[in-house]
Amino acid sequence: MGDVRRAEDIPAGTGKEKEPDTAEEQFDAAGLRALLRFARPYRGALLVGIGLGLLGSGAALAQPLAAREVLERVGQDGSLLRPILLLVALVLGGAALSGIQLFILERSGERMVLGLRLTLVRRLLRLRMKEYDRRSVGDLLSTAGADTTLLRSVITANVLDAVSSVVMLVGAIALMAYLDWVQLVSVLAVLLVVGLGVMPALSRIKSATERAQEGLGQMTAGLERALGAIRTVKASVSEERESERISEWARTSYAAGVRSVKLDAVVGVSSGLAVQLSFLMVLGVGGMRVANGSISAADLVAFLLYILYLASPIMIIVAAVTQLQKASAATARIAAVNDMEAEPMPGSAAPVVGEAVPLAGTGATAGPSTPSGGPPSSVTFENVSFGYREDVPVLRDVSFHIPAGAKAALVGPSGVGKTTVLAMLERFYDPETGRVLLGDRDLADIPLNELRRQIGYVEQEAPALAGTLRENLLYTAPATTEDQLNAVVEASRLGALVRRLPDGLDTEIGDRGTQLSGGERQRLAIGRLLLSRPRLVLLDEATSQLDSVNEVALREAIEELAAGCTMIVIAHRLSTVAASDVIVLLDHGGVRRTGTHEELMAEDELYRDLARGQLLSGDRAVTAGSPVPAEVDG
Ligand SMILES: Nc1ncnc2c1ncn2[C@@H]1O[C@H](COP(=O)(O)OP(=O)(O)OP(=O)(O)O)[C@@H](O)[C@H]1O
C-alpha cells in the first residue's frame with residue numbers, strides 16, 4: 001500500500017526544513033493558505049458570522065448620520081422623537097448583532113482548533129514507523145499541544161473580529177468621502193505613511209514566532225528524551241547537564257518570543273499613533289474648513305465621529321495581521337504533519353489535518369472487541385531485502401518458510417535483523433524487494449488492521465501502558481468476561497502477583513508498567529494474547545536472566561499461548577531453540593540455514609558456537625563445549 005497523503009492537501013513551502021530566505025518569502029502566503037484550508041469546513045458558520053457582522057457594521061455606521069440628524073433637528077426646532085428612537089434602535093440593534101456575530105465566529109474558531117487537534121491526534125498515531133524513527137516524539141507532542149494552543153489564542157483573539165472591522169473600515173471611509181473627500185485624502189495619507197513604516201516589522205513577527213515555537217518543540221523533545229530514560233540520566237548523574245541542555249531551548253524560545261512582542265509593540269503603538277495623527281489633522285484642517293464655510297459644523301462632528309470609528313477597526317486589523325503572522329508560523333508546523341507518511345485508516349484514507357471532524361463520536365475504533373481466532377497461518381519470506389537506510393541493507397534476500405502451527409525460533413548474532421523480521425511481519429516496514437506471505441496471502445494485500453489483529457506481538461521489554469493491570473490485560477479484547485479474565489490470569493501465571501498486589505487487578509502499574517518486573521511484563525503481554533488468541537504470535541524472548549521461578553512461569557505461559565497458533569520466537573535461550581520445530585539461523589548475509597536443532601548442530605558451525613553459549617544463554621545439557629571465538633559474525 002502506498003503513501004496515502006494527498007499532494008493537493010499539502011500547502012507548498014510548509015516543510016520545516018525549508019527556511020525562508022527573504023522578507024518577502026517570510027511574509028509568504030503558505031501559512032495563511034493552510035489556515036484558509038483549515039477554516040474551509042466551517043465556512044457556513046463563518047459566512048453567517050460575517051453576514052451578521054455586515055448588518056452590525058451597517059447599524060454602527062448609520063449612527064453618526066442619525067446623530068447628525070438629531071443635531072440638525074435641534075437647530076430647526078423639529079420633532080426629536082423619531083431621530084432619537086432611530087439612534088437608540090441603531091445602538092441597541094448594532095450591539096446585539098455584534099454580540100451574536102462575535103459568538104458565532106469565535107465558536108467556529110474553537111471548532112476549527114478542536115477539529116485540528118482531533119485529526120492531529122489521529123494522524124500522529126497513524127504515521128508510518130519510519131516517521132517516528134525520523135522525528136522526535138517530543139516535537140510531535142509540541143505540535144499537537146503548543147502549536148494548536150497558539151493557533152487557538154490567535155484565532156479566537158483577534159483574527160475573526162477583523163472580518164467585521166474590514167467592513168467597518170470600508171464603510172467609514174465611504175461615508176467620510178461622502179461628507180468631505182478633501183479631509184479623507186489627508187487622513188488616508190497619514191495612514192498610508194504609517195502603514196508602510198510597519199510592514200517590515202510584520203514580516204519579522206512570523207519568523208520570530210516560528211523560532212519561538214521551534215524552541216518550544218525542541219524543549220519538549222529534550223524533556224521527553226530525558227524523562228524517557230530517567231534512570232540512565234540519574235545513574236549517570238547527568239540531571240544538571242540535561243536540564244541545562246533543555247533550558248537552552250527554553251531560552252531560545254524566550255528570546256524569539258521577546259523579539260516578537262517587541263515587534264508587536266512597535267506595530268500596535270504605530271497604529272494608535274496613526275489614528276491620533278489623523279484626528280489632529282481633521283481637527284485642524286476641518287476647523288479651518290468650518291470657519292471658511294466649506295463644510296458645516298455638523299459635518300465636522302460626524303467626520304470626527306467616523307475618525308473615532310476608524311480607530312478601533314484599524315487597531316483590530318493591525319493586531320489581526322500581526323496575529324496572522326504568528327498563526328501562519330503555527331499553521332506551517334501543523335501542516336507539516338501532512339508531509340509525513342501515514343498508514344491508511346481502516347476503510348478510508350489517513351486523516352488529513354484540516355479536514356472537518358465530527359465533534360463527538362469520531363468513529364474511531366477502539367480495537368477488536370472479540371478474539372481474532374481462526375486457524376494458525378504459515379509464514380513465508382520470499383527473497384526479502386530491506387534496510388532502514390538506503391545504503392545499509394539489513395535483510396538480504398531472506399527466504400524461509402514456517403508451516404502453519406509450527407513453533408519457530410529465529411537465531412543469530414546481535415544486530416543481524418531478527419527484530420526487523422518481526423517488524424516486517426507486523427508491516428511496520430515494507431520489503432524493498434521480495435514479499436512476505438501469511439498463509440498464501442501477500443501481506444501487502446491484507447488490510448493493515450486485519451493483518452495486525454491476526455498477530456500477537458510480545459516485545460522483549462514488553463512495555464505496558466500506564467493504567468491498571470486489568471486495563472492492560474483487556475487492551476486488545478475489551479469485551480472479555482470476568483471469568484475469562486480470571487482464567488487467563490492463572491494461565492499466564494499472573495495469579496500469585498495479582499493476589500499479592502494491594503488492589504489486585506486494579507492496581508496501577510506505573511508509566512510503561514515500570515512497577516512490574518521484566519518477567520511480569522512479559523507474562524502480562526502473554527496474558528493479553530491469550531485473551532485475543534491471535535493466529536500468529538511473535539515473541540522477542542527476554543535476554544535478562546530470570547530467576548528460576550519466573551523462568552518456569554514464563555515458559556508455562558508461553559506453552560499455554562503456543563497451543564493453536566503459529567509462533568515465531570527470537571530465541572535467546574537454548575531451551576527455547578531446542579524445543580522449536582524450525583530454527584531459522586540468520587547471520588549478516590541473510591538466512592544462513594534452516595532446520596531442526598539436531599540438523600543444525602550436525603551441520604552448522606555458527607549454530608554450534610551459538611549453542612555452546614556464545615550467543616544463547618544457559619543450557620546445562622549443551623554448554624559443555626570447547627571454548628569458541630568471542631566474535632561470531634557472518
Ligand atoms: N529503526 C531503526 N532505524 C535504523 N536502523 C535500525 C532501526 N532498527 C534497527 N536498526 C538497525 O538494523 C540492524 C538490525 O537490527 P535488529 O534490531 O533487527 O537486530 P536483532 O538481530 O534483533 O538484534 P538484537 O539481537 O541485538 O536485538 C541493526 O544494525 C540496527 O542497528
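In each ligand, atom 1 is the first atom listed, and ligand 1 is the first ligand listed. Source: prediction; values computed, not measured. If you read the sequence from its start, that first residue is 1, and numbering goes on from there.
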Problem - Test item: side-chain donor near acceptor, R573 and T576, under 3.5 Å - result: no
Problem - With Y388 via ring-ring contact (aromatic ring centres under 6.0 Å, His included) - residues at least two apart - result: F386, Y429
Completion exercise
Min over G415, G417, P413 of heavy-atom distance to atom 23 (O) of ligand 1 lands on G415
Exercise for the section: Identify, for atom 18 (O) of ligand 1, the protein heavy atom at the shortest distance, and state residue, atom and that distance. Expected result: T420 OG1, 2.5 Å
Practice task
Would you mind checking if D604 and R608 are paired as a salt bridge, meaning a charged N to carboxylate O distance below 4.0 Å?
Solution key: no
Handout entry: D133, any N or O under 3.5 Å of ligand 1 N or O
Key = yes
Exercise for the section: Would you tell me whether R396 and S385 have side-chain atoms, one donor and one acceptor, within less than 3.5 Å of each other? Expected result: no
Exercise for the section: Walk me through it: do E131 and R126 pass the test salt bridge (Lys or Arg N to Asp or Glu O under 4.0 Å)? Expected result: CA-CA 10 Å; E131 296 291 356; R126 277 281 167 176; over 6 Å; no
Exercise for the section: Ignoring hydrogens, tell whether any protein atom lies closer than 4.0 Å to atom 13 (C) of ligand 1; use the non-hydrogen atoms only. Expected result: yes
Fill in the blank from the handout: Heavy-atom proximity to atom 21 (O) of ligand 1 ranks first, among K418, Q460, M424, H588, for K418
Handout entry: Contact (N/O only, under 3.5 Å) between V416 and ligand 1
Key = yes
Practice task
Pick whichever of Y429, Y132, Y388, F386 has a heavy atom sitting closest to atom 8 (N) of ligand 1.
Solution key: Y388
Exercise for the section: Starting from atom 22 (O) of ligand 1, locate the nearest protein heavy atom and write down its residue, its atom name and how far away it is, to 0.1 Å. Expected result: T419 OG1, 2.6 Å
Handout entry: Modelled atom types, side-chain donor and acceptor of S236 and R231, under 3.5 Å
Key = no
Fill in the blank from the handout: The residue among V569, V458, L410 that forms side-chain contact (heavy atoms from CB on, under 4.5 Å) with E541 is V569
Exercise for the section: Answer yes if a protein heavy atom lies under 4.0 Å from atom 1 (N) of ligand 1, otherwise answer no. Expected result: yes
Exercise for the section: Starting from atom 26 (O) of ligand 1, locate the nearest protein heavy atom and write down its residue, its atom name and how far away it is, to 0.1 Å. Expected result: S414 OG, 2.6 Å
Problem - Ligand-residue contact atoms, ligand 1 with V394, heavy atoms, under 4.0 Å - result: 12 (O), 13 (C), 14 (C)
Exercise for the section: Can you tell me which residue pairs pass the ring pair (Phe, Tyr, Trp, His ring centres under 6.0 Å) test with a partner in residues 390-427, sequence neighbours excluded? Expected result: F381-F400
